[in-house]
Amino acid sequence: AATIRLDSVRKQYDDATVAVADLSLEIPAGELVVLIGPSGCGKSTVLRMINRLIEPTSGRMFLGDEEITSVDPVELRRRIGYVIQHVGLFPHQTVRDNVATVPRLVGWSKQRSRERVLELLETVGLDPARYADRYPHELSGGQRQRVGVARALAADPVVLLMDEPFSAVDPIVRGRLQDEFLRLQQTVRKTIVFVTHDVEEAVRLGDKIVVLSEGGKLEQYGTPAEILAR
Ligand code: ADP
Ligand code: ADP
């Protein structure tokens, strides 16, 4: 795991919207930090800058000692796993091939990728014998999110970015996914930035909580107990 550091980061979109005005933030190595705040306050923008889907307008971002903009894009994709609300699995690929996306991209051998996929499906609670050769439309919403988590973990990243990964499933499945995810984090200990708008979820999962307001302004930062006590 590696610490993520944002240093006076600003993002202004082409239409002049300032999504993040001036954000400095440290996500400690091996911790799960939740970003919470009203819709449009810049949470997704922060994640998308960290994995370089978009570039900040100004400011600097670090992964460990390295400046994120200096890391090779393919290597960055290996180091940073990304899970979004509607997972974005490739519809014409099986579960197995979806999970193997990044290992293949970074040149793992077929054999190594294959073994890794089976191990990961077990890890996220999907029996490979039943699910590895299914297509995304043959899975439930909760199962698709599990495949999304498996895919994000595939090449053993140091960081996971999760953008409302459990919001699209019903409350019972969500609770189960949260429980399993907490257990998983206790064993893998990634640095995780987790976006949600659900306070209960934030308190349950977060080692730390960051409360943002419009313009990506940092309102509060602390443990769930500290945030609740305010
Ligand atoms: P959140 O994830 O907290 O809901 P976002 O990061 O998605 O917030 O958006 C922050 C602000 O930036 C919002 O005002 C949104 O409308 C705007 N925004 C997001 N993406 C774009 C874009 N591609 N172009 C212009 N404005 C955008
Ligand atoms: P979409 O947003 O339509 O799903 P993308 O091309 O942004 O399409 O992403 C497809 C999938 O690839 C995402 O759901 C995500 O799981 C994965 N992905 C995208 N960008 C990254 C990244 N920087 N690192 C790791 N995985 C990524």
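In listed order, ligands and their atoms are each counted from 1. Side chains included, hydrogens not; waters and symmetry mates left out as well; all remaining heavy atoms used.
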Decide whether Asp163 and Ser44 meet the rule of one side-chain donor and one side-chain acceptor closer than 3.5 Å. yes
May I ask you to list the atoms of ligand 1 that are less than 4.0 angstrom from any heavy atom of Ala19? 10 (C), 11 (C), 12 (O)
Would you mind checking if Asp65 and Arg5 are paired as a salt bridge, meaning a charged N to carboxylate O distance below 4.0 Å? no
for atom 17 (C) of ligand 1, nearest protein heavy atom and its distance come out as Thr17 CG2, 3.8 Å
Atoms in ligand 1 with a heavy atom of Asp15 nearer than 4.0 Å: 25 (C)
Under 4.0 Å, heavy-atom basis, I'd like to know which part of Leu212 is in contact with ligand 1: side chain, backbone, both or neither. neither
Nearest non-hydrogen contact to atom 3 (O) of ligand 1 from the set Lys43, Lys11, Glu164, His197 belongs to Lys43
Atoms of ligand 1 less than 4.0 Å from Ser39 heavy atoms? 4 (O)
Just to confirm my output: which protein heavy-atom neighbour is closest to atom 10 (C) of ligand 1, and how far is it? Gly40 O, 3.3 Å
Looking only at protein heavy atoms, identify the closest one to atom 7 (O) of ligand 1 and say how far it is in Å. Ser44 CB, 3.8 Å
Mutual orientation of the aromatic rings belonging to Phe194 and Phe181 [parallel < 30°, tilted 30-60°, perpendicular > 60°]: tilted
Return a yes/no value: protein heavy atom under 4.0 Å from atom 15 (C) of ligand 1? no
Would you find a donor on one side and an acceptor on the other, under 3.5 Å apart, between the side chain of Thr57 and the backbone of Gln12? yes
Between Glu75 and Arg77, is the closest basic N to carboxylate O distance under 4.0 Å? no
Using a strict cut-off of less than 4.0 Å between a Lys/Arg side-chain nitrogen and an Asp/Glu carboxylate oxygen, indicate whether Asp97 and Arg104 qualify as a salt bridge. yes
With no hydrogens and no angle check, just 3.5 Å: does a side-chain donor-acceptor pair link Asp198 and Thr196? no
What residue and atom, counting heavy atoms only, is the protein's closest point to atom 8 (O) of ligand 1, and at what distance? Gly42 N, 3.1 Å
Among all protein heavy atoms, pick out the one at the shortest distance from atom 19 (C) of ligand 1; state its residue, atom name and that distance to 0.1 Å. Tyr13 CE1, 3.4 Å
Side chains of Tyr131 and Gln143: is there a donor and an acceptor less than 3.5 Å apart? yes
Does Thr45 approach ligand 1 within less than 4.0 angstrom via side chain, backbone, both or neither, non-hydrogen atoms only? both
